[in-house]
Structure formats: C-alpha cells, structure tokens
Amino acid sequence: MCAPSPSLGGATGKPSDNRGVEQLSRLVEGGGVVVLSGAGLSTESGIPDYRGPSGLQRNASPMTFQTFTGDPVARRRYWARSYLGWRTIAEASPNDGHRAVARLQRGGLVTGIVTQNVDGLHQAGGADPVIELHGGLDRVVCLDCGDVTARTTLDGRLRGANPAYAQAGGDINPDGDVDLTDEQAADFVTVGCEDCGGMLKPDVVFFGEQVPMPRVEAAFALVERAAALLVLGSSLTVLSGRRFVIRAAKLGVPIAIVNQGPTKSDDLAAVLVDAPLGKTLTHLAGLAA
C-alpha cells in the first residue's frame, strides 16, 4: 500500500510528483474504472460533507423514514428546513472534480459511476449514466400514488403556500436542508400531492429505508466487471457505500481511495491519496486526452 497524504502543487494546480498520485494514475490509465463517490466530492461546490474537513458538528439528527411518515410535526419541520436549504442545492454548480470524472467517462477510462450524493452534480458536470444510490433531491415522490414530480414544481407550490415565510435557520446540511427548531417551523404550510392529496417525500433514501434493490444490483454488477474501484470523497462509514468496497476486495479488484481524511476501508485500499479532489481529479482527467 502506498503512503497516504500526497501534497498538491502550487501555481500549476497539478499534484506533485509523488508515489500516491503516480500509482493512482497508473491504475486509472488502464481503464475499466468504476467510481464510487461521496459527499466530499461536492464540498468544492459549496455543499458541506458530513465527516470531512467541511463537515460541521450538527445537533440535528438525520431524518428517518419512520419519523417522517409517522410524525406530522417532524414532517413539517423537515419541509420547512428543506424549503430553505433547497436553494443552495439548486444553485450549486459542478466543480472541477465532477467535470474531471465526466471527462474520464467520456474518454472510456471510467466505465461506471455510482454516487451516494443526492445533489445531481455528476450529471450537471456531464456524466451519464450515473447510478444515484440514494436518489436525487431534484425529484419528489408521492408515497400514496407513486407519482414523481420535479422539485422545482414543488418549490413553486411551497412558495405560494408560504409567501411570507423567512427563517434564518442554521448551516446548510449535505442533504439539502438547514437546522430549524419546531418553533421556527411552526408556521410553515406543507402541501400534498397534486393528483391524490397524498404525502410527498423527496425522492431520496432516508435513514431507515432500504436502497431499492435494482440500484444495488446494478452497482454490484459494475463492481464485479471493474478493473479497478475508485472511491472519491467518502469516509465509507455507512455500509450502504462500503459494501461495494468490501465486494471489490473479495473479488481482488484493486481499490483506490481519494479522500481528505481517513476512511473506514483504508486497510483495503491499494492506493490512498489524501488531497483536494478537484486538483487530483483534474490531473487524472489529462489521461483521457
């Protein structure tokens, strides 16, 4: 295993000539690479991650499916928080890391992309196809009739129902909401499905929900055909993403991890690079030229 924490160059913005980046380049230039990305890839777009350098110690626990569906007060608070935080997600732009991954995909070196992120920035950066393991915040699903609509449509309806609602709130969270108390959310008005009046939920996987099996199977299939697995910006703390690393290791597929800070699967990696993702991936994208 190579030594972690390679440094990045200065004015050129290129990674220094060090063993970690060299090994990473050799792994990627062979092609057949499957990418598994996490929240750390989007921090340079202004969206904080959970556990990396931009992660904050948050007092609020992530919303669970059971609480969302069973507690009207918690559900109203969620939609008030999401109403305020959605603007940050909607206005975020793909960064150099997203664009570099798309370039590697177009160049044929990356053959699959699986993301744990729900911000849609891989696609905005030009990548296609992308398996959104945890869904996407740009969609809303009715839990009663199953209708799926655009989040922009819901945002317009919520603005209409809450013309005077404005709360400062707390910091933006990686899942697109801000911290609010029950008191701050008490006056927020939610809306139901336009077709059936049923309960609306963002089309993302909450804690307590299972990732739809077709997505899991499709991601496993990519890993099983991969020549290498490249993990980007994930601490791999949650089994939902780490299971693909475990599968790759069992199959003997080489694993490379680019992340700022340690991960829960560092011991399985053939290559570890602790460095900013934008510059590192831009350097790699040159291999696809």
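The model shown is predicted, which means the values in this text are computed figures rather than measured ones. We're numbering straight along the sequence, starting at 1.
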Does the salt bridge (Lys or Arg N to Asp or Glu O under 4.0 Å) test come out yes or no for Lys250 and Glu224, once each step is laid out? CA-CA 10 Å; Lys250 288 181 177 178; Glu224 289 163 3; over 6 Å; no
Show your reasoning for whether side chain to side chain contact (heavy atoms under 4.5 Å, CB included) applies to Leu200 and Leu154. CA-CA 9 Å; Leu200 295 178; Leu154 176 64; 3.9 Å; yes
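- Annotation: side chain of Val141 is not in contact with side chain of Asp147 (no heavy-atom distance under 4.5 Å).
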How far apart are the C-alpha atoms of Arg159 and Asp155, what are their side-chain angles, what is the distance that settles it, and do they pass the salt bridge (Lys or Arg N to Asp or Glu O under 4.0 Å) test? CA-CA 6 Å; Arg159 287 176 185 271; Asp155 188 60; 2.8 Å; yes
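- In this structure, His134 NE2 and Asp119 CG are separated by 13.0 Å, a value rounded to the nearest 0.5 Å.
- In this structure a side-chain-to-backbone donor-acceptor pair under 3.5 Å is missing from Ser265 to Leu268.
- With rounding to the nearest 0.5 angstrom, the CD1 atom of Ile131 is 8.0 Å from the CZ atom of Phe244.
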Give the intermediate values and the outcome of side chain to side chain contact (heavy atoms under 4.5 Å, CB included) for residues Ile257 and Asp266. CA-CA 8 Å; Ile257 299 176; Asp266 283 357; 4.0 Å; yes
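- Without hydrogens or angle criteria, Thr153 side chain to Thr149 main chain gives no donor-acceptor distance under 3.5 Å.
- For the atom pair CG (Leu232) and CG (Asn259), the distance works out to 9.0 Å, reported to the nearest 0.5 Å.
- The backbone N or O of Thr237 lies less than 3.5 Å from a partner atom in the side chain of Arg242, making a donor-acceptor pair.
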Leu36 vs Leu229, test: side chain to side chain contact (heavy atoms under 4.5 Å, CB included). Steps then yes/no. CA-CA 7 Å; Leu36 172 65; Leu229 178 64; 4.2 Å; yes
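- A 4.5 Å side-chain heavy-atom check between Leu137 and Val204 finds at least one atom pair inside the cut-off.
- Nearest heavy atom pair, residue Pro212 against residue Val205, reads CD-CG2, 4.1 Å.
- One N or O on the side chain of Arg215 and one on the backbone of Leu133 form a donor-acceptor pair closer than 3.5 Å.
- Rounded to the nearest 0.5 angstrom, His122 NE2 and Ser37 OG are separated by 3.0 Å.
- Between Arg157 and Glu194 the shortest side-chain heavy-atom distance falls below 4.5 Å.
- Both Phe68 and Val191 sit in one connected hydrophobic cluster of ILVMFWY residues. Membership requires side-chain heavy atoms under 4.5 Å apart, directly or through other members.
- Thr43 contributes atom OG1, which lies 7.0 Å from atom CG of Leu277 (distance to the nearest 0.5 angstrom).
- When all heavy atoms of Leu284 and Ser25 are compared, the pair lying nearest together is CD2-OG, 3.6 Å.
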Step by step, work out the side chain to side chain contact (heavy atoms under 4.5 Å, CB included) result for Val216 and Arg243. CA-CA 10 Å; Val216 176; Arg243 57 184 156 183; 3.5 Å; yes
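- The closest side-chain donor-acceptor pair between Glu132 and Gln116, if any, does not fall under 3.5 angstrom.
- Checked by atom type, the side-chain pair Thr263/Ser235 shows no donor-acceptor distance below 3.5 Å.
- Taking the six-membered ring for Trp and the full ring otherwise, Phe65 and Phe207 have centroids separated by 6.0 Å or more.
- Judged by distance alone, with hydrogens and angles left aside, the side-chain atoms of Ser45 form no donor-acceptor pair with the main-chain N or O of Ala92 at under 3.5 Å.
- In this structure, Ser240 and Val211 have side chains that are in contact, with non-hydrogen atoms separated by less than 4.5 Å.
- Using cut-offs of 30° and 60° on the angle between ring planes, the pair Phe188 and Tyr165 is perpendicular.
- Of all the heavy atoms in Cys196 and Cys193, the pair that sits closest is N-SG, 3.5 Å.
- A donor and an acceptor atom, one from each side chain of Ser82 and Arg151, are located under 3.5 Å apart.
- When atom types are taken as modelled, the side chain of Asp203 and the backbone of Gly136 share no donor-acceptor pair closer than 3.5 angstrom.
- Contact of the Arg139 side chain with the Pro202 side chain is not registered, since no non-hydrogen atoms from C-beta on lie closer than 4.5 Å.
- Using a cut-off of 4.0 Å between Lys/Arg side-chain N and Asp/Glu carboxylate O, Arg77 and Asp182 are scored as salt-bridged.
- Although no hydrogens or angles enter the test, the distance criterion places no donor-acceptor pair under 3.5 Å between the side chain of Thr67 and the main chain of Thr64.
- Judged purely by atom type and a 3.5 angstrom limit, Asn162 uses its side chain to pair as donor or acceptor with the backbone of Leu158.
- Separating the CZ atom in Phe220 from the CZ atom in Arg225 is a distance of 13.5 Å, to the nearest 0.5 Å.
- Of the possible polar contacts, one joining the Asn95 side chain to the Gly97 backbone as a donor-acceptor pair under 3.5 Å is found.
- When every heavy atom of Ala256 is checked against every heavy atom of Leu27, the shortest pair comes out as CB-CD2, 3.6 Å.
- Residues Leu281 and Leu41 meet the side-chain proximity criterion, which asks for heavy atoms closer than 4.5 Å.
- Follow the hydrophobic side-chain contacts under 4.5 Å out from Trp79 and you reach Leu143 in the same cluster.
- Judged by distance alone, with hydrogens and angles left aside, the side-chain atoms of Glu44 form no donor-acceptor pair with the main-chain N or O of Asp96 at under 3.5 Å.
- When all heavy atoms are compared, the tightest approach of Val114 to Ala219 is CG2-CB, 3.9 Å.
- Thr190 is listed as a side-chain neighbour of Arg76, based on a closest heavy-atom distance under 4.5 Å.
- For the pair His98/Gln123, no side-chain contact is recorded, criterion being any heavy-atom separation below 4.5 Å from C-beta on.
- Across all non-hydrogen atoms, the minimal contact from Ile255 to Val245 is CD1-O, 3.5 Å.
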